[in-house]
Amino acid sequence: MDIETVIRSIPKAELHLHIEGTLEPELKFELAATNGVELPYGSADEMRAAYDFDDLSSFLAQYYEGMSVLLHEADFHALAMAYFERVAAQGLVYVEMFFDPQAHTSREVAFDTVIGGLRRAQHDAADRFGIRSQLIMCFLRDHSVESALATLEHAAAYREWIIGVGLDSDERGNPPVKFRDVFAAAREQGYRLTMHCDVDQQDTTVHIRQCLDDIGVERIDHGSNAIEDEDLVAELVQRGVGLTNCPISNSYISGDTKAREIRALHEQGVLVTVNSDDPAYFPGYVGDNLAVLQREADLSRDEIVQFVRNAFIISWLDEREREAYLERVDAWVAASETG
Ligand code: ADE
Ligand code: ZN
């Protein structure tokens, strides 16, 4: 079996996926027509051609602008179903997906509308595609601590639908410690914890250090700049804190996939995973990201399998489910070697 077929077919998990970042221009146009929202482009192709970002803030401006078409429960359902359908074709079997409630409640779209549509899609995707999924609620780090606390309070009614909390949006001037109390409260309530440390941001290694020492995260989203500091690498390894990397996203945000850094972190024993981040904007879903990393870092088939296994290992599945997925991967690998 050639390596491209391995990448497409092996059962995979994704741990770093913003569901709002899967909104492809075609669906944007469909929803805009249904909801009577005007878009500043004549067609989906024109919109895609106009995407113009080369760093985090220029990406985020278009990411938030795109959400204007998401108004009703059915829109969030359609958004997530389009994602599930696409990744079912790339061998995805499990996903932990971020959603950004404040990006919707700040537009007068109710929390219940957002999570209701996503939740219904999660059930439908399990039935239709056999994809299991869990939700991670992200706080927007460029909003206030009070707004994050209010969002956490709001989420209490849906506590059992949300596995963990994360931190995303514009990192500049918004360090992890700004949200220390929010994350402490979330931990008290039993949420799992992760945070973004986007690639090549100002003070990024300081932020990674804060994630470990001040917040006590279990994972870091991106975080590949840890390679610049051997103490950070040692700590990630020792604590088993994994990194959710996104090569195609990196190539837009920092002009480099960071394949070399990802490979080096992996070789030094960090639990690194490969993910897609915002695939409608950084074109490429989970299999595409693995393929890019394989080519650029010249990964062997065994290394691909290790990256895939890592995602299940650092997932927030319970032990029994995690083992079942790992056995499924191992069985697939064994069958592919004999077949
Ligand atoms: N929101 C959506 N995608 C993001 C990313 N890659 N970094 C920070 N915030 C985000
Ligand atoms: Zn992200």
Side-chain angles (χ1 to χ4, degrees), residues 13-24 28 51 53-68 70 76 79-80 83 95-107 114 118 134-143 147-148 151 164-176 178-179 193-204 207-208 211 217-225 242-258 262 272-286 288-289 292 311 314:
E14 164 140 72
L15 306 179
H16 186 156
L17 181 277
H18 301 264
I19 195 62
E20 295 93 342
T22 69
L23 180 54
E24 295 282 355
K28 252 187 225 174
Y51 282 166
F53 29 78
D54 54 9
D55 60 14
L56 186 55
S57 58
S58 55
F59 154 68
L60 287 168
Q62 297 192 27
Y63 169 78
Y64 292 121
E65 187 187 274
M67 293 182 202
S68 64
L70 297 168
F76 290 91
L79 170 71
Y83 166 72
V95 54
E96 289 173 8
M97 50 189 195
F98 296 125
F99 72 116
D100 284 337
Q102 289 156 291
H104 310 299
T105 52
S106 62
R107 304 182 287 115
V114 179
L118 297 179
Q134 303 204 77
L135 289 175
I136 302 173
M137 177 173 77
C138 273
F139 303 109
L140 302 184
R141 69 199 307 162
D142 46 357
H143 288 220
S147 172
T151 303
V165 297
L167 186 69
D168 65 1
S169 205
D170 205 339
E171 191 163 333
R172 178 186 278 259
N174 297 298
K178 173 178 168 186
F179 294 93
L193 309 183
T194 186
M195 281 185 166
H196 276 57
C197 290
D198 271 272
V199 282
D200 293 347
Q201 300 300 295
Q202 199 176 47
D203 300 325
T204 182
H207 291 182
I208 295 170
C211 277
V217 297
E218 297 168 77
R219 302 201 297 242
I220 293 175
D221 302 306
H222 302 293
S224 54
N225 290 90
L243 304 181
T244 64
N245 290 131
C246 311
I248 299 176
S249 163
N250 293 348
S251 69
Y252 282 82
I253 298 299
S254 80
D256 185 329
T257 59
K258 302 290 176 188
I262 294 170
V272 180
T273 65
V274 180
N275 308 271
S276 64
D277 208 3
D278 300 282
Y281 295 89
F282 311 129
Y285 287 74
V286 61
D288 307 310
N289 274 275
V292 164
I314 67 166

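Values below: every heavy atom of this structure, side chains too, minus hydrogens, waters and symmetry copies. One-based numbering, in listed order, for ligands and for the atoms of each. Residues: numbered from 1 along the sequence shown.
Taking the six-membered ring for Trp and the full ring otherwise, His18 and His196 have centroids separated by under 6.0 Å. Checked against the 6.0 Å centroid threshold, Tyr281 and Tyr51 count as a close aromatic pair. Aromatic pair His104/Phe76: centroids less than 6.0 angstrom apart.
Within the coordination shell of the Zn ion (ligand 2), defined by N, O or S atoms under 2.8 Å, Asp277 is present. Metal site remark for the Zn ion (ligand 2): Cys246 contributes no N, O or S atom at a distance under 2.8 Å. Note on His222: not counted as a metal contact of the Zn ion (ligand 2), no N/O/S atom lying under 2.8 Å.
Counting heavy atoms under 4.0 Å from ligand 1, residue Leu56 touches it through the side chain alone. Of all the heavy atoms of Ile253, none lies under 4.0 Å from any atom of ligand 1, so neither backbone nor side chain is involved.
Per-residue contacts place Leu60 under 4.0 angstrom from the following atoms of ligand 1 (heavy atoms of the residue considered): 1 (N), 9 (N), 10 (C). Each of the atoms 2 (C), 3 (N), 4 (C), 6 (N) of ligand 1 lies under 4.0 Å from some heavy atom of Asp278. Per-residue contacts place His196 under 4.0 angstrom from the following atoms of ligand 1 (heavy atoms of the residue considered): 5 (C), 7 (N), 8 (C).
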>> Please evaluate residues Asp200 and Lys258 with respect to the criterion salt bridge (Lys or Arg N to Asp or Glu O under 4.0 Å), reporting the C-alpha separation (whole Å), side-chain torsions for both, the decisive distance (0.1 Å), and the verdict.
In response: CA-CA 10 Å; Asp200 293 347; Lys258 302 290 176 188; 2.9 Å; yes
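No heavy atom of Ser249 sits closer than 4.0 Å to any atom of ligand 1. Ligand 1 lies nowhere less than 4.0 angstrom from a heavy atom belonging to Phe98.
Nearest N, O or S atom of His18 to the Zn ion (ligand 2): atom NE2.
Not a single donor-acceptor pair under 3.5 Å links the side chain of Glu218 to the backbone N or O of Thr194.
Nearest-heavy-atom check against atom 2 (C) of ligand 1 across His18, His222, Glu20 picks out His18.
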